[in-house]
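Comments concern the structure below.
Just so you know, these numbers come straight off a predicted model, no measurement behind them.
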Amino acid sequence: VSYSRIIQAPNAIDATWLRPSPSQFSGKRRFIFLGRYERRKGIEELHAVLNDWTGPEIEFVFIGPIPKEKQLNLPWAQYRGSVSDPGALKAELDQGEVLVCPSYSEGMPNVIMEAMARGLAIIATDVGAVASVVDATNGILVERLSIKALKSSIQQISFLPDEELSTMKSASLKRVSNYTWGRVSLDVVENIRSAVSS
């Protein structure tokens, strides 16, 4: 099959996830990890970074089913457990500034797109289709996951001036607005028409 006749359909989110503008914060940077305790999610590397954290004061919130015995005993690390209600999840994300997604493998993660839609900057590894939504304009794309690379990325964001982080957060919102189901479905239909008629 000719490559020109293969249609790629990206993942998308419901437009109701989109905020009009990012939340504004000052003070400690709040980072969020959203996911399961699973080896491919890179949470062990993230825990290693936080256990040996050197840098400005930060807050780190974990959302997802993280076993109690695996949780860090740090005063600035909080574990929310599973949050399945969309309204409650939006409220949690709205209290954050940066989503950290240090996975070893992904497709085009919903969690990244949902966080972008709530106006968060993103730190993520360059796996799957992540590079199509994350770059230097809205966060940090980590080429290869390691404790050193992850720590460096979190430190870099921690030291950013508020104005620069605000620019990243706004860039997330602008980019993800192209990935709502209404927009993506129209693009897929048009691509199918083009492929059929060519």
- line: Hits for side chain to side chain contact (heavy atoms under 4.5 Å, CB included) against Glu190, two or more places apart or cross-chain, chain-then-number order -> Arg193, Ser194
Partners meeting side chain to side chain contact (heavy atoms under 4.5 Å, CB included) with Ser146 (sequence neighbours left out): Lys148, Ala149
Of all pairs that satisfy salt bridge (Lys or Arg N to Asp or Glu O under 4.0 Å), the ones with a partner from residues 63-86, not counting sequence neighbours: Arg80-Glu92
field: Any residue meeting salt bridge (Lys or Arg N to Asp or Glu O under 4.0 Å) with Asp135, in chain and number order, not counting sequence neighbours
entry: Arg175
task: Keeping the roles fixed (side chain from Ser132, backbone from Ala129), state whether a donor-acceptor pair exists under 3.5 Å.
output: yes
- request: Check the angle between the aromatic planes of Phe60 and Phe31 and answer parallel, tilted or perpendicular using the 30° and 60° thresholds.
  value: parallel
query: Should Leu50 and Leu74 be marked as a side chain to side chain contact (heavy atoms under 4.5 Å, CB included) after you check the CA-CA gap, both sets of side-chain angles, and the distance that decides it?
result: CA-CA 9 Å; Leu50 300 183; Leu74 297 170; 4.3 Å; yes
message: So, using ring pair (Phe, Tyr, Trp, His ring centres under 6.0 Å) as the criterion, who are the partners of Tyr79 when residues are at least two apart?
response: Phe62
query: Considering residues at least two apart in sequence or located in another chain, which fulfil the side chain to side chain contact (heavy atoms under 4.5 Å, CB included) criterion with Ala15?
result: Thr180
message: Within the 4.5 Å heavy-atom criterion, are Val100 and Ile32 side-chain neighbours or not?
response: no
task: With sequence neighbours excluded, give me every side-chain hydrogen bond (donor to acceptor under 3.5 Å, both in side chains) pair touching residues 95-105.
output: Glu45-Tyr104, Ser103-Glu106
- request: Apply salt bridge (Lys or Arg N to Asp or Glu O under 4.0 Å) to Glu57 and list each qualifying residue two or more places apart in sequence or on a separate chain.
  value: Lys28
message: Going by side chain to side chain donor-acceptor pair (under 3.5 Å), name the residues that satisfy it together with Gln155, two or more places apart in sequence or in a different chain.
response: Thr54
query: Partners of Glu164 by salt bridge (Lys or Arg N to Asp or Glu O under 4.0 Å), sequence neighbours excluded?
result: none
field: Partner set under side chain to side chain contact (heavy atoms under 4.5 Å, CB included) for Ser82, not counting sequence neighbours
entry: Pro65
message: Would you say that Phe33 contacts Cys101 through its side chain, given a criterion of any heavy-atom pair below 4.5 Å between the two side chains?
response: no
- prompt: Sub-3.5 Å donor-acceptor pair from the side chain of Arg118 to the main-chain atoms of Gly96, do we have one?
  reply: no
- prompt: Does the side chain of Lys174 come within less than 4.5 Å of Thr137's, by heavy atoms?
  reply: no
query: Do the non-hydrogen side-chain atoms of Arg144 and Thr125 ever get within less than 4.5 Å of each other?
result: no
field: Residue pairs involving residues 7-19 (criterion salt bridge (Lys or Arg N to Asp or Glu O under 4.0 Å); sequence neighbours excluded)
entry: Arg19-Asp94
task: Could you check Ile154, Leu120, Ile123 and say which one makes a side-chain contact (heavy atoms from CB on, under 4.5 Å) with Val98?
output: Ile123
- prompt: Just by distance, do the side chain of Lys41 and the backbone of Gly35 share a donor-acceptor pair under 3.5 Å?
  reply: no
